Amino acid sequence: MEQQPNNPLHGVKLEQIISDLVAHYGWEYMGYSINIRCFTHDPSLKSSLKFLRRTPWARTKVEQMYLNMLRNKL
């Protein structure tokens, strides 16, 4: 397997990304920042994973939010 030292998303599962974001921001802020139904109406990890795995544009926004969170923690 190739090493990707400059890719902070390498080896991080989508479930972990969502869990970290929820722990840091909460569902309400995530729904405000990225207006998708799985964050705003009865949010859950399961519904978010299902939606984000099928919707590339939304997953890209969530990954970008995660990268921004990591950057701000430094």
Side-chain angles (χ1 to χ4, degrees):
M1 186 176 266
E2 273 185 49
Q3 294 292 327
Q4 295 186 10
N6 295 326
N7 184 356
L9 294 175
H10 181 70
V12 182
K13 295 182 185 239
L14 183 58
E15 183 175 358
Q16 185 63 45
I17 291 173
I18 296 170
S19 296
D20 289 351
L21 287 172
V22 169
H24 187 76
Y25 294 118
W27 289 113
E28 187 174 337
Y29 179 79
M30 289 173 60
Y32 175 76
S33 298
I34 305 171
N35 190 13
I36 51 179
R37 190 169 176 84
C38 65
F39 290 168
T40 59
H41 295 82
D42 194 26
S44 72
L45 183 60
K46 184 178 179 181
S47 67
S48 299
L49 285 171
K50 185 176 181 180
F51 178 76
L52 294 172
R53 286 180 177 142
R54 292 183 291 138
T55 316
W57 65 265
R59 183 177 181 147
T60 301
K61 287 185 176 195
V62 169
E63 288 173 345
Q64 189 59 49
M65 184 182 206
Y66 181 73
L67 292 173
N68 288 339
M69 180 191 75
L70 292 178
R71 221 176 283 120
N72 291 335
K73 281 187 172 182
L74 297 177

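In this text, all values refer to a predicted model and were calculated from it rather than measured experimentally. Basis for what follows: all heavy atoms, side chains included, without hydrogens, waters or symmetry-related copies.
What you find for Phe51 and Thr55 is that their closest heavy atoms are O-OG1, 2.8 Å.
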Table please: side-chain donor-acceptor pairs of residues 64-74 below 3.5 Å, with sequence neighbours left out.
{"from": "Gln64", "atom 1": "NE2", "to": "Asn68", "atom 2": "OD1", "distance (Å)": "3.4"}
{"from": "Asn68", "atom 1": "OD1", "to": "Arg71", "atom 2": "NH1", "distance (Å)": "2.7"}
{"from": "Asn68", "atom 1": "ND2", "to": "Gln64", "atom 2": "O", "distance (Å)": "3.4"}
{"from": "Asn72", "atom 1": "ND2", "to": "Asn68", "atom 2": "O", "distance (Å)": "3.2"}

Extract all donor-acceptor atom pairs below 3.5 Å that involve side chains of residues 25-41 and protein atoms in other chains or at least two apart in sequence.
{"from": "Ser33", "atom 1": "OG", "to": "Tyr29", "atom 2": "O", "distance (Å)": "3.1"}
{"from": "Thr40", "atom 1": "OG1", "to": "Ile36", "atom 2": "O", "distance (Å)": "3.4"}

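Applying the 6.0 Å contact sphere to CG of Asn7 captures more than 12 heavy atoms from other residues, nucleotides or ligands.
Once rounded to the nearest 0.5 Å, the distance linking CZ of Arg59 with CG of Leu14 reads 4.5 Å. The OG atom of Ser48 sits 10.5 Å away from the CZ atom of Arg53 when rounded to the nearest 0.5 Å.
Of the possible donor and acceptor atoms, one in the side chain of Thr60 sits under 3.5 Å from a partner among the backbone N and O of Pro56.
Contact of the Lys50 side chain with the Lys46 side chain is not registered, since no non-hydrogen atoms from C-beta on lie closer than 4.5 Å. Residues Ile18 and Leu52 form a side-chain contact, since some pair of their non-hydrogen atoms from C-beta on lies under 4.5 Å apart.
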